[in-house]
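Take a look at the structure set out below.
In each ligand, atom 1 is the first atom listed, and ligand 1 is the first ligand listed. Predicted model only: the values in this text are computed from it and were never measured.
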Amino acid sequence: MSMAKQQLLEKVNELKARRNAVILAHNYQIEEVQDAADYIGDSFGLSRIAAETTADVIVFCGVHFMAEGAALLAPDKIVLLPEIMAGCPMADMVTVEALREKKKQHPGATVVTYVNSSAAVKAESDICVTSANAVKVVNALVCEELLFVPDKNLASFVADRTDKKVIAWEGYCVTHHRVSLHDVRMAREAHPDAVIVVHPECRPEVVKASDHAFSTGGILQFARETQHRKLIIGTEMGIMYRLRQENPDKEFFLLSQGLICPNMKYTTLEKVVRALETLQPQITVPDNVREGARRALLRMLEIA
Ligand code: 13P
Ligand code: SF4
């Protein structure tokens, strides 16, 4: 690490102690931000830590819906998102108005909402899921039909693993949806002895042609436990840093060079320092949606 980065890291640690802050970083964050984090994880793991932390300030290095989720689960804490422009294009593919219309068309359906969504959309939902727990949560629901919002690829992944009728919203992750069956075939050809592990946000045909599909936390766990020595990874490239750090004896290849989420790259150490100095930008949840959104998240945590 360069001298400048080392100094920034020291500054982060000093401010963190002064503010009684905890730094949470998603697995897709850039390397220096992961190095500064107290916890690195997937959406589910980080939301549990946010719900339980005793810190006064949560610095969420991720995207907006993740920080908003932390604000819902830790209502008495200050939640900071170092780069306010870090959003999730998939979360923006569903609005409250459109969801209300869809609910009218399917009045009997339970609304299951991926955490990659706004608090307002969560408040319109019966329960939330993350990719780590979606199958478990859906199978635990007492219902026959569900409306799955907003990721059609995760909806398809769940539909294949449950007896329930799944009505999928037409949303998707622009980063994972870009991966094609051709990418899987090329990777198999290039590395016939490797195991292919993808995120369930990939297209159904990509998931089916791969060997396993897990959340980012699940991919990291699989990599630690597997006997395979070569792994092809079908999720955002930021995960490669930790995969290689934790498994120096294994080889990792990215399934497609297009696997980059620009929003996850906006956060830098400089922005973390500024957030801790100014206690801005703070993420708060509008009063009218807070209770409904929190209920949907807590129902998920109870089951998962
Ligand atoms: P995970 O919950 O698996 O970390 O995924 C979050 C996400 O945004 C995937 O694109
Ligand atoms: Fe959203 Fe996809 Fe980026 Fe995850 S990788 S934050 S789902 S755009």
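- Remark: Lys103 engages Glu124 in a salt bridge, criterion side-chain N to carboxylate O under 4.0 Å.
- Within the protein, the N, O or S atoms lying under 2.8 Å from atom 3 (Fe) of ligand 2 are Cys261 SG.
- Checked by atom type, the side-chain pair Tyr28/Thr235 shows a donor-acceptor distance below 3.5 Å.
- Between the side chain of Asp126 and the backbone N or O of Val111 there is at least one donor-acceptor pair closer than 3.5 Å.
- Heavy-atom contacts of Glu201 reach the following atoms of ligand 2: 2 (Fe), 7 (S) (cutoff under 4.0 Å).
- A side chain to side chain contact (heavy atoms under 4.5 Å, CB included) with Ile239 holds for exactly one of Ile233, Leu259, Ile40; it is Ile233.
- Although no hydrogens or angles enter the test, the distance criterion places no donor-acceptor pair under 3.5 Å between the side chain of Arg229 and the main chain of Lys250.
- In terms of modelled atom types and a separation under 3.5 Å, the side chain of Asp42 and the main chain of Ser215 share no donor-acceptor contact.
- Remark: side-chain polar atoms of Asn247 are not paired, donor with acceptor, to backbone N or O of Asp249 under 3.5 angstrom.
- Here the side chain of Lys164 pairs a donor or acceptor atom with the backbone of Leu141 at under 3.5 angstrom.
- Protein residues with any heavy atom under 4.0 Å from ligand 1: His26, Tyr28, Asp42, Ser43, Asn116, Ser131, His176, His199, Glu201, Ser215, Thr216.
- In this structure, the side chain of Arg19 engages the main chain of Glu277 through a donor-acceptor pair within 3.5 Å.
- Neither Leu147 nor Val129 shares a network with the other; the hydrophobic side chains, linked directly or stepwise wherever heavy atoms of I, L, V, M, F, W or Y lie under 4.5 Å apart, form separate groups for each.
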